[in-house]
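Please read these numbers as outputs of a predicted model, since none were measured by experiment.
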Amino acid sequence: MRICFVNSLRTFGGGERWLLEAAAGLASRGHTITVVARAESALATRARRAGYDTLELPMRGDGDPTSILPLASWFRSTRCDIASVNVQRAVRVGVVAARIARVPGVVERRGLLFPVKPSALNRFMYRRLVTRVIANCSAILPRSTSRSSSDDN
């Protein structure tokens, strides 16, 4: 399976550590891993150092065509089966690009307890575009979706 991780943060923290650990575990099981990171981020540097094909994008905002269009092209060229997105900007950029590229599975990984705003855009994204949500616990899951997974379910 080809799995592409997408993260938009410049800094390196727990989510980025999780991403690299999950990537290593999946790679050890024979999956092909690629990483898309914010340009000049610590994650991009560490992902390359770990040996993953890495694409750096500006990820300036939610509708950033300078990120969405190249990311959709990356998904197609890598024949991505699953896009794993992390952090809200990566969700909004990555989900749109994944759907343009017809990636079969789009998974959001949530690790922080902050609410997903109940906007029409978020309801649409979580009900129609995100395939699954992985979370540490049910309190972190977005309330606008019923297609989610957590450790305590």
Asks: If you compare all heavy atoms of Ala101 against all heavy atoms of Ala72, which two are closest, and at what distance to 0.1 Å?
Replies: CB-O, 3.4 Å
Asks: Determine whether more than 12 heavy atoms belonging to other residues, nucleotides or ligands lie under 6.0 Å from atom CZ of Arg79.
Replies: no
Asks: Would Arg38 and Glu16 pass as an ion pair if we require N to O under 4.0 Å?
Replies: no
Asks: Would you say that more than 12 heavy atoms from the other residues, nucleotides or ligands in this model lie under 6.0 Å from the CZ of Arg48, or not?
Replies: yes
Asks: Establish whether Trp74 and Leu69 are linked, either directly or via other cluster members, by ILVMFWY side-chain heavy-atom contacts under 4.5 Å.
Replies: no
Asks: Give me the atom names and distance for the closest heavy-atom approach of Pro65 to Pro70.
Replies: O-CD, 3.5 Å
Asks: Once you round to the nearest 0.5 Å, how far does OG1 of Thr34 lie from CG of Leu55?
Replies: 8.5 Å
Asks: Step by step, would you call Met59 with Val6 a side chain to side chain contact (heavy atoms under 4.5 Å, CB included)?
Replies: CA-CA 10 Å; Met59 294 196 220; Val6 181; 4.1 Å; yes
Asks: Among Thr54, Leu20, Leu26, Val107, which residue satisfies the side-chain contact (heavy atoms from CB on, under 4.5 Å) criterion with Phe5?
Replies: Leu26
Asks: Could you pull out the closest heavy-atom pair between Tyr52 and Ala23, with the gap in Å?
Replies: OH-C, 3.4 Å
Asks: For the residue pair Val85 and Gly94, what are the closest heavy atoms and their distance?
Replies: CG1-CA, 4.0 Å
Asks: Which atom pair, heavy atoms only, marks the closest approach of Arg2 to Thr78?
Replies: CD-O, 2.9 Å
Asks: Which heavy-atom pair separates Ser67 from Val93 by the least distance, and what is that distance?
Replies: CB-CG1, 3.9 Å
Asks: Given the rule in the side chain to side chain contact (heavy atoms under 4.5 Å, CB included) test, do Arg46 and Val35 qualify, once you have shown the distances and angles that lead to the verdict?
Replies: CA-CA 10 Å; Arg46 291 182 189 201; Val35 176; over 6 Å; no
